[in-house]
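Everything on this sheet refers to the single structure shown next.
All values reported here derive from a predicted model rather than from experimental measurement.
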Amino acid sequence: MGVEGCTKCIKYLLFFFNFIFWLAGGVILGVALWLRHDPKTSNLLELEFDGNPAPSTFYISVHILIAVGAVMMVVGFLGCYGAIQESQCLLGTFFACLVILFACEVAAGILGFMHKDTVSGEMINYYNTVYEKAMVESVTEQDKTKAAASVLKVFHETLSCCGKGKGTSVLTHLTDTLGLTDICPSSGTTTDCHSRITELFTDKIYLIGIAALVVAVIMIFEMIFSMVLCCGIRNSPVY
């Protein structure tokens with residue numbers, strides 16, 4: 001095609017980074033789908049008690065990630081094709097898409113940092129509500145006890161925990177021993193569920209943060225290379 005020298009090198013570098021960007025989009029899409037269908041999170045987030053579903057903030061974030069991954073794959077393909085064809089129109093469109101994606105990623109990162117404890121906090125509050133109802137109604141309202149106990153059993157078996165803290169963990173094991181309840185996991189663990197819930201969602205948010213940082217670095221390089229290549233194509237004697 002028309003570009004030569006350093007600009008030609010930029011062309012293939014841009015193609016390479018776009019290919020990496022396209023792969024990153026596929027990875028993010030795959031990770032988001034895994035987070036959506038991971039047994040631990042899906043078992044907890046699909047729970048419902050007394051008509052109240054579990055908090056959906058985490059799933060909303062995951063669905064956004066699925067959309068972002070799909071868009072990244074489309075934009076990455078656009079950049080690859082534009083670089084190979086040396087098309088100013090495609091490269092300009094690609095650059096505009098990158099700017100929008102980068103701005104959205106920065107905004108999402110800021111919001112995520114500000115509300116990083118929201119997901120685990122909401123799930124802990126939901127767990128506390130179910131736990132308290134199960135314990136308070138353990139004698140007087142057997143039907144609700146069974147409903148609450150079944151929800152708690154999913155929490156406890158999924159996360160291998162029991163109780164809100166060390167004290168309530170011991171108390172719950174005691175009520176199980178006395179036959180008043182049957183909600184602790186069969187493993188007999190005394191780990192409290194608050195720490196387990198926090199650990200579960202913090203690890204996943206940390207994973208998302210690493211992926212976002214890697215993608216942001218790639219996007220910066222791509223924006224630079226796309227503009228340099230666009231200018232090189234415009235100044236090429238063939239065009």
| Is a side-chain N or O of Y12 found less than 3.5 angstrom from the main chain of A83, in a donor-acceptor match? | no
| query | Given the rule that I, L, V, M, F, W and Y join up when any side-chain heavy atoms are under 4.5 Å apart, are F102 and V99 in one cluster? | reply | yes
| query | Can you tell me how far the CZ atom of F15 sits from the CD1 atom of I20, to the nearest 0.5 Å? | reply | 10.5 Å
| message | If I take atom NZ from residue K164 and atom CD1 from residue I124, how far apart are they, to the nearest 0.5 angstrom? | response | 11.5 Å
| query | What residues form a side-chain contact (heavy atoms from CB on, under 4.5 Å) with L78, not counting sequence neighbours? | reply | L90, T93, F94
| query | Got a second to check how far W22's CH2 is from F19's CZ, nearest 0.5 Å? | reply | 6.0 Å
| query | How many angstroms lie between SG in C162 and CD in E157, if you round to the nearest 0.5 Å? | reply | 9.5 Å
May I have the list of side-chain donor-acceptor pairs in residues 207-231 shorter than 3.5 Å, sequence neighbours left out?
{"from": "E222", "atom 1": "OE2", "to": "N18", "atom 2": "N", "distance (Å)": "3.0"}
{"from": "S226", "atom 1": "OG", "to": "E222", "atom 2": "O", "distance (Å)": "3.0"}
{"from": "S226", "atom 1": "OG", "to": "M223", "atom 2": "O", "distance (Å)": "2.9"}

| said: Taking side-chain contact (heavy atoms from CB on, under 4.5 Å) as the definition, give me every residue that meets it alongside C161, ordered by chain and number, with sequence neighbours left out. | reply: H156, L159, C193, R196
For residues 23-30, which side-chain donor-acceptor pairs fall under 3.5 Å, sequence neighbours excluded?
none

| Under a 4.5 Å side-chain heavy-atom rule over Ile, Leu, Val, Met, Phe, Trp and Tyr, are F16 and M73 clustered together? | yes
| note | For S160, the side-chain hydrogen bond (donor to acceptor under 3.5 Å, both in side chains) test, sequence neighbours excluded, returns none
| message | Count I, L, V, M, F, W, Y as connected when their side-chain heavy atoms are under 4.5 Å apart, and connections chain through other members. Are L33 and V68 then in the same cluster? | response | yes
| note | For N125, the side-chain hydrogen bond (donor to acceptor under 3.5 Å, both in side chains) test, sequence neighbours excluded, returns none
| Do the non-hydrogen side-chain atoms of I100 and C104 ever get within less than 4.5 Å of each other? | yes
